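Written out below as structure tokens is the structure these notes cover.
Position 1 is the first residue of the sequence; numbering continues from there. Note that the structure is predicted; figures quoted are calculated from it, not measured.
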Amino acid sequence: MEEIDIPPFFICPISLEIMKDPVTVPTGITYDRESIVNWLFSGNSTACPVTKHVITDCELTPNHTLRRLIQSWCMLNACHGIERIPTPKPPISKAQITELLNGAAKSHLHQIKCLRRLQSIASENATNKRCMESSGAVEFLASIVRNYDPTAVDGLLYNEFEPIRPTDEALNILYNLQLSEAALKNLMSKNGDIVVSLTRVMQRGTCKSRAYAVLLLKSMLEIADPMQLISLRHELFVELVRVLHDRISQQASKATLQFLKRACETILTVLEEVCRCAEGRSELLNHGAGLAVVSKKILRVSHVVNQSAVRILLSISKFCVTSNVLQEMLQLGIVAKLCLVLQVECGHKTKGKAKEVLKLHARVWMDSPCIPSNLRSSYPASS
């Protein structure tokens with residue numbers, strides 16, 4: 001394309017590209033529709049990017065005059081390699097979504113038709129997805145997931161020989177809506193049992209629904225606070241392990257591993273805070289597998305886990321020194337693991353904390369046969 005001067009008012013302030021569907025926000029600034037929609041619903045800000053004024057009303061007014069000017073300019077400059085910009089298809093409205101959702105209550109057939117239509121609408125563009133999000137579609141889809149019944153066969157429709165299950169369709173749409181952070185938080189707070197429902201789907205659902213349940217769960221828990229993560233039920237983790245075992249899809253396996261990593265990091269971080277007080281340290285030591293579990297996570301999950309686990313062990317080594325505790329740390333391989341930390345790449349601060357633990361009790365541990373000879377050489381000398 002030849003060098004050509006583009007009128008500056010044709011350029012979107014966000015994308016810095018020629019606008020294809022210019023719309024004006026309440027602050028009077030015009031943006032390309034897709035760019036401003038993504039900006040407003042990404043969770044970054046609800047302020048106008050240019051004026052910085054908060055946009056309380058997200059109504060976007062099409063700027064038809066500017067669009068026609070851009071289209072005319074593109075046609076006049078086609079010889080310079082400027083591509084023609086087609087007239088954009090009108091976006092879906094909230095009223096249309098509401099009417100569609102109301103019609104779904106009539107029968108099972110209407111519900112399936114509604115789900116198929118919602119899927120089609122969401123696939124068109126990001127603007128439609130955001131409109132669905134703000135029109136009650138998320139709550140409607142979540143209600144279908146909550147009412148999941150794997151034994152229900154009456155009234156099922158079939159696509160060739162495959163049954164069309166509302167839960168499969170609803171989970172598919174929920175995940176592909178790419179919900180904003182606010183919508184994900186709302187989904188968790190207003191639908192307190194949504195995680196339980198997703199766990200139930202993972203237990204008895206189809207491979208398709210299990211995969212979408214995992215993907216949606218990962219999206220939700222990426223924005224969850226630590227207390228929501230550590231309060232997750234044991235049944236959920238059992239089902240996540242089953243997803244890995246069954247290998248239902250590469251995407252689902254990857255999402256599961258990412259989720260388990262995040263959960264482990266959060267739990268160890270919380271446990272580190274708990275062990276800052278005497279009661280917390282006492283509870284950890286009183287748990288039969290407390291020290292073993294903390295030690296086992298070192299060098300297996302992430303740098304964040306390494307750091308938290310070593311800090312927990314440092315707290316124990318400083319404030320809970322008894323001969324039984326020191327012997328337990330030897331027998332469980334914790335001392336050997338800390339020596340290994342000094343030999344591998346796991347962060348300067350983590351190594352420093354590990355060295356501090358080993359120095360504290362060098363007289364008891366340094367010459368112990370519980371430490372393999374290949375690791376004993378890295379044991380730091382006591383100060």
Side-chain angles (χ1 to χ4, degrees), residues 101 104-105 107-108 111-112 114-116 118-119 122 133 136-159 162-179 183-264 266-267:
L101 298 179
S107 68
H108 182 76
Q111 186 185 69
I112 294 296
C114 172
L115 289 168
R116 288 297 171 90
L118 288 174
Q119 193 171 42
E133 183 178 306
V138 176
E139 289 75 14
F140 165 74
L141 295 167
S143 69
I144 293 176
V145 176
R146 286 200 309 274
N147 295 325
Y148 169 68
D149 181 2
T151 64
V153 292
D154 293 340
L156 280 181
L157 300 178
Y158 286 80
N159 181 11
E162 286 290 321
I164 303 172
R165 299 184 183 277
T167 305
D168 290 357
E169 304 295 320
L171 284 169
N172 183 351
I173 299 168
L174 273 173
Y175 172 68
N176 287 301
L177 275 178
Q178 298 173 316
L179 297 173
L184 288 168
K185 287 182 177 179
N186 194 45
L187 184 61
M188 291 192 72
S189 62
K190 284 192 174 180
N191 302 276
D193 56 351
I194 189 69
V195 175
V196 176
S197 300
L198 291 173
T199 304
R200 192 164 62 246
V201 170
M202 290 164 61
Q203 286 172 333
R204 304 186 64 182
T206 63
C207 286
K208 180 180 177 182
S209 63
R210 290 174 70 199
Y212 279 121
V214 170
L215 293 170
L216 179 60
L217 187 68
K218 173 182 171 287
S219 298
M220 290 167 54
L221 296 179
E222 279 177 346
I223 52 87
D225 62 54
M227 292 310 298
Q228 287 175 309
L229 279 173
I230 64 174
S231 63
L232 294 174
R233 299 184 182 184
H234 171 72
E235 292 82 2
L236 172 61
F237 291 95
V238 171
E239 295 310 316
L240 288 169
V241 172
R242 279 188 60 220
V243 167
L244 290 174
H245 178 269
D246 295 345
R247 299 180 181 180
I248 56 178
S249 81
Q250 186 175 357
Q251 191 179 14
S253 294
K254 183 178 179 181
T256 301
L257 290 171
Q258 290 172 334
F259 167 73
L260 290 173
K261 176 185 170 183
R262 166 94 199 284
C264 187
T266 302
I267 291 168

Please examine the side chains of [Y] and [X], heavy atoms only from C-beta on, and report whether any two atoms are closer than 4.5 Å.
X    : Y    : result
M202 : S209 : no
K254 : Q250 : no
L115 : F140 : yes
V238 : H234 : yes
F259 : L240 : yes
F237 : L232 : yes
V214 : L198 : no
N186 : L179 : no

If I take atom [atom1] from residue [X] and atom [atom2] from residue [Y], how far apart are they, to the nearest 0.5 angstrom?
X    : Y    : atom1 : atom2 : answer
I194 : L187 : CD1   : CG    : 5.0 Å
T167 : R146 : OG1   : CZ    : 12.0 Å
R165 : I112 : CZ    : CD1   : 10.5 Å
Y175 : S219 : OH    : OG    : 5.5 Å
S197 : L216 : OG    : CG    : 11.0 Å
I173 : I144 : CD1   : CD1   : 7.5 Å

### Message
With a 4.0 Å cut-off on N to O distance, would you call R116 and E169 a salt bridge?
### Response
yes
### Query
Does the side chain of T256 come under 3.5 Å of the side chain of S253 through a donor N or O and an acceptor N or O?
no
### Query
Between N176 and N172, do the side chains contain an N or O donor and an N or O acceptor separated by less than 3.5 Å?
yes
### Main-chain N/O of E222 paired with R262 side-chain donor or acceptor, under 3.5 Å
yes
### Message
So which atom in A122 and which in L177 form the shortest heavy-atom distance, rounded to 0.1 Å?
### Response
CB-CD2, 4.0 Å
### Query
Do you know which two heavy atoms are closest between S249 and A211, and how far apart they sit?
OG-CB, 4.2 Å
### Task
Could you go through the side-chain contact (heavy atoms from CB on, under 4.5 Å) check for M220 and V195 one step at a time?
CA-CA 9 Å; M220 290 167 54; V195 175; 4.2 Å; yes
### Message
side-chain contact (heavy atoms from CB on, under 4.5 Å) for R210 and R242? Distances and angles first, verdict last.
### Response
CA-CA 10 Å; R210 290 174 70 199; R242 279 188 60 220; 4.0 Å; yes
#### Entry: Crowding at CZ, R233 (>12 non-hydrogen neighbours, <6.0 Å)
no
